[in-house]
Amino acid sequence: MNKVRLIFKNVSEIVGSEGIGLIILLDEDKKRQLSIPCDKEMLYQFGLRVKHVPVVDKLLPEVMCKVLSTQTNVHLELMINDLIDGRFRAILCNTENSETIPVRASDAVLISMVSDIPLYMESNLMDKLSVEYHKESNSISLPVNTISDGMLRRALKKAIKDEQYELASNLRDELLKRNLNIDE
């Protein structure tokens, strides 16, 4: 299996949303960018680490990663390996025996950020879902198929309210493709 190593770039709240954020990841060559939606709690967790708040070394992810690295010889990697209904799927994999444990994609990024456990994505998935990275750009592109069902419905309502009918049409099409009721 071909895979791409991902590096944490930043986290940002989506303007106009209530507590929905995007985790921005780059490939090692800094040519491609991937955006992963996250909830308010994860925005807070990433914010603590980005701001280098002194208490983070005593928080559970850091403590558990330190225990793993100092008390065991287990070799781990994290892999974002699928996208289902707008939600990324990830696994924590023991590279020695190939045992895997499912983990939320946002948690996989956080674990990788606070440890030396590498984070990967399958190459074909990265090619399909990432966009070209422009260092000087202030905007973020987000493929519509990476947006959760709830976010998609809220975006549709906002696009209709703002009279952005082409965007609304694309969002409606994505909801229909997922066999979801538009009015929920």
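Just so you know, residue 1 is the first one in the sequence shown, and it goes up from there. Only heavy atoms go into these numbers, but all of them, side chains included; no hydrogens, no water, no symmetry mates.
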More than 12 foreign heavy atoms under 6.0 Å from CG of N97: is that the case here? yes
Determine whether S12 and I24 make a side-chain contact, defined as any pair of heavy atoms from C-beta on separated by less than 4.5 Å. no
Just so I know, are the side chains of V50 and F8 near enough to count as touching, which here means a heavy-atom distance under 4.5 Å? yes
With L76, which of T95, I111, I117 fulfils side-chain contact (heavy atoms from CB on, under 4.5 Å)? I117
Could you measure the distance from the CD atom of E62 to the CG atom of L48? Nearest 0.5 Å is fine. 9.0 Å
Nearest non-hydrogen partners of V4 and S123, listed with the distance: CG2-OG, 3.7 Å
Look up atom CZ in F88 and atom CG in L125, then write down how far apart they are to the nearest 0.5 Å. 6.5 Å
S106 vs I23, test: side-chain contact (heavy atoms from CB on, under 4.5 Å). Steps then yes/no. CA-CA 8 Å; S106 56; I23 302 167; 3.7 Å; yes
Closest non-hydrogen atom pair, A108 against L78: O-CD1, 3.3 Å
S35 versus P37, closest heavy-atom pair with distance: O-CD, 3.9 Å
Side-chain heavy-atom pair K40, Y44 within 4.5 angstrom cut-off: no
So, taking the atom named CD in E28 and the one named CD1 in I7, what distance separates them when rounded to the nearest 0.5 Å? 5.0 Å
Can you tell me how far apart CG (L25) and CG (L6) are? Round to the nearest 0.5 Å. 5.5 Å
Check L119 against M79 and note the closest heavy-atom contact, atom names and distance. CD1-N, 4.5 Å
Start with the C-alpha distance between R153 and L175, add both sets of side-chain angles, then the distance that settles side-chain contact (heavy atoms from CB on, under 4.5 Å), and finish with yes or no. CA-CA 8 Å; R153 285 189 183 98; L175 282 165; 4.0 Å; yes
Out of curiosity, E122 CD to L83 CG, how far, rounded to the nearest 0.5 Å? 12.0 Å
Near N2 CG, under 6.0 Å, is it more than 12 heavy atoms from other residues, nucleotides or ligands? no
Can you confirm whether more than 12 heavy atoms, excluding those of E166, are under 6.0 Å from its CD atom? no
In terms of hydrophobic clustering (I, L, V, M, F, W, Y; side-chain heavy atoms under 4.5 Å; direct or indirect links), are L110 and V103 co-clustered? yes
Could you verify whether a donor N or O on one side chain and an acceptor N or O on the other, from Q164 and D162, lie under 3.5 Å apart? no
Gap between atom CZ of R104 and atom CD1 of I36 - 0.5 Å precision: 11.5 Å
Going through the checks in order, is the side-chain contact (heavy atoms from CB on, under 4.5 Å) test met by V109 and V11? CA-CA 11 Å; V109 176; V11 65; over 6 Å; no
Sequence neighbours excluded - salt bridge (charged side-chain N to carboxylate O under 4.0 Å, His left out) pairs with any residue from residues 69-83: K3-E77
Of all heavy-atom pairs between M126 and S130, which one has the smallest distance, and what is that distance? O-OG, 2.5 Å
Is any side-chain heavy atom of K128 closer than 4.5 Å to a side-chain heavy atom of N124? no
Salt bridge or not for K31 and D27, using N-O below 4.0 Å? no
Between R172 and L176, does a side-chain contact (heavy atoms from CB on, under 4.5 Å) hold up when you go through it step by step? CA-CA 6 Å; R172 182 206 64 219; L176 292 173; 3.9 Å; yes
I'd like to know if Y133 and L129 are part of one continuous hydrophobic network [Ile/Leu/Val/Met/Phe/Trp/Tyr, side-chain heavy atoms within less than 4.5 Å]. no
Is R32 close to D127 at the side-chain level, that is, under 4.5 Å between some pair of heavy atoms? no
Would V131 and L26 show up in the same hydrophobic cluster when neighbours are defined by side-chain heavy atoms closer than 4.5 Å? no
Closest heavy-atom contact between A168 and I160? CB-CG1, 3.9 Å
